[in-house]
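See structure below.
Bear in mind the structure is a predicted one, so any value in this text is a computation, not a measurement. Whatever order the structure lists them in is the order used to number ligands and atoms, beginning at 1. Note that the numbering runs from 1 along the sequence shown for the chain.
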Amino acid sequence: MIDLVLTGGTVVSEGAEDVADVAIDGGRIVAVGAPGTMPAAREVVDVTGHHLLPGAIDVHVHFREPGYTHKEDWATGTAAAAMGGVTTVFEMPNTDPPTRSVAELRAKQRAADKAIVDFGLYGLLAEDNIGELEALAAAGANAFKCFMGNTFGNLPSPSTGAMLEGFEIAAKTGLRVSLHAETASIMAWRQARLEAAGHNDPLSHIAARPEIVAIEAVSRAAVLAEWTGARVHILHISSAGELRPLAEAKARGVDITGETCPCYLHFTTADYDRLGSVIRVNPPVREAKDAAAIWDALQSGVVDMIATDHAPHTPEEKINPVIWKADCGFPGVETQMPLMLTEVAKGRMSLSHYVRIAAANPARAFGLWPQKGRIAPGADADIAVVDMTRRETIAAARLHSRGKITPYEGQETIGAPVHTLVRGVFVQKDRTLVAGREGHGRQVTDIQRMPDAAPRHEDQSLAAILGTAAAA
Ligand code: DOR
Ligand code: ZN
């Protein structure tokens, strides 16, 4: 007797859609095959007419605990994920305190004890914790996050010198470095000039952070990655311009991946009037030509994946007539899948391509493949059961996040996850959170590190020259 069979659904992979049953035992998928050929199970759930996708892997969420639990905590954040068909999240280190030492990583792990879905944890890569990076990796950080530009939490961005050493160390750990790729000094300069001149309107946010901040940061990060052998990931791609240094680095063989978020596909400068400071996000939503170029790059593979930068704040923190005083970002982990399935329904991308950008590619980039990101024997039974015809209307008041404000308010969606399973356990069933699942989520531990992180030139790393442990 095995645990569970999902029967009658259509299993979606990167290459195909097949009507197949899925057999699950001990949290893993044990068989995928023709209806009626599965082993006997204690529970059989009929999912006829629905599609089975590997649960989404969102490598960019802010769950705010410790420090800002009035915005979100691990229970509310992972409840939102479960409702959104997201079965694994990677959580960012700009909490209070930030996740920059082993003790702080341990505190984050304790906060995450109540997680409903699986998770990875970012350790900070900053100027003042270069000496902690190896210990963070050894203690179980799943990746590093480097803020090249300031955003919520105002963590100082490292100098290029500190970044280079950070990349040298990260390369040796085999962990990916995710980059908030906006150049701090350009933005600080421009914002000060704008503020001094009395510019306070929503579009001034873009004036302070024009496309060049992303182009400069992505270009610099790419050459540092190439030099050190560090694998890197460009977070929240917002501009047409940064796609070029990204594509060029890929063509040179740099291990670099990129994500975008739904807001950069759906909103443009035309929405700033209507949405005001609600749309304020770092990096900013830009022009229609940027959204169009990012769409193309998501189809062609230059942009590898969709993430959300789930960044909840309260309505009071978001709404401000002075744009500089409004907190940046909004919740996204619960709405990503319905929004992107709507694009599938409109014929803008295939369901298989959605599986690639929402699950398979993030799993590969962050070392979770082949255990996660696919529906196949041996993989974790992380599954979003999707009704491609279900129509819903996004309403912040109904979101499970504590951040009850979204630029998508009133937006209609077509297609939604009607059940979510994490390692074979229903955490969401029939569009309702299953009670008592807090603590089911686990940190992903057996992630695969980059096998060969050698720099492409004679080793000139500080560790090699100074003879410190990292050189070994
Ligand atoms: O708008 C943003 N908000 N962008 C980020 O990169 C961070 C985030 C936050 O933590 O609020
Ligand atoms: Zn973020």
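Side-chain N/O atoms of Arg286 and Ser238 include a donor and acceptor closer than 3.5 Å. Side-chain contact annotation: His62 with Glu91, donor-acceptor N/O pair under 3.5 Å absent.
Judged by the 6.0 Å distance and 45° axis criteria, Arg348 is not positioned over the aromatic ring of Tyr354.
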Report the C-alpha distance between Glu259 and Val59 in whole Å, list the side-chain angles of each, state the deciding distance to 0.1 Å, and finish with yes or no for side chain to side chain contact (heavy atoms under 4.5 Å, CB included).
-> CA-CA 9 Å; Glu259 77 183 29; Val59 302; 3.4 Å; yes
CA sep, side-chain torsions, deciding dist, call: Arg442, Asp113, salt bridge (Lys or Arg N to Asp or Glu O under 4.0 Å) = CA-CA 8 Å; Arg442 280 194 215 141; Asp113 264 352; over 6 Å; no
Is there a side chain to side chain contact (heavy atoms under 4.5 Å, CB included) between Leu136 and Leu175 once you walk through the steps?
-> CA-CA 11 Å; Leu136 274 166; Leu175 297 182; over 6 Å; no
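Taking the six-membered ring where the residue is Trp, His236 and His60 present tilted rings, their angle falling between 30° and 60°.
Closer than 4.0 angstrom to ligand 1 by heavy atom are His62, Arg64, Asn94, Thr151, Phe152, His180, His236, Val281, Asn282, Asp309, Ala311, His313, Cys328, Gly329, sorted by chain and number.
No donor-acceptor pair under 3.5 Å is formed between the side chain of Asn320 and the backbone N or O of Ile323.
Of all protein N/O/S atoms, those under 2.8 Å from the Zn ion (ligand 2) are His60 NE2, His62 NE2, Asp309 OD1, and waters are not counted.
The only member of Glu72, Gln336, Glu334 that meets side-chain hydrogen bond (donor to acceptor under 3.5 Å, both in side chains) when paired with His310 is Glu72.
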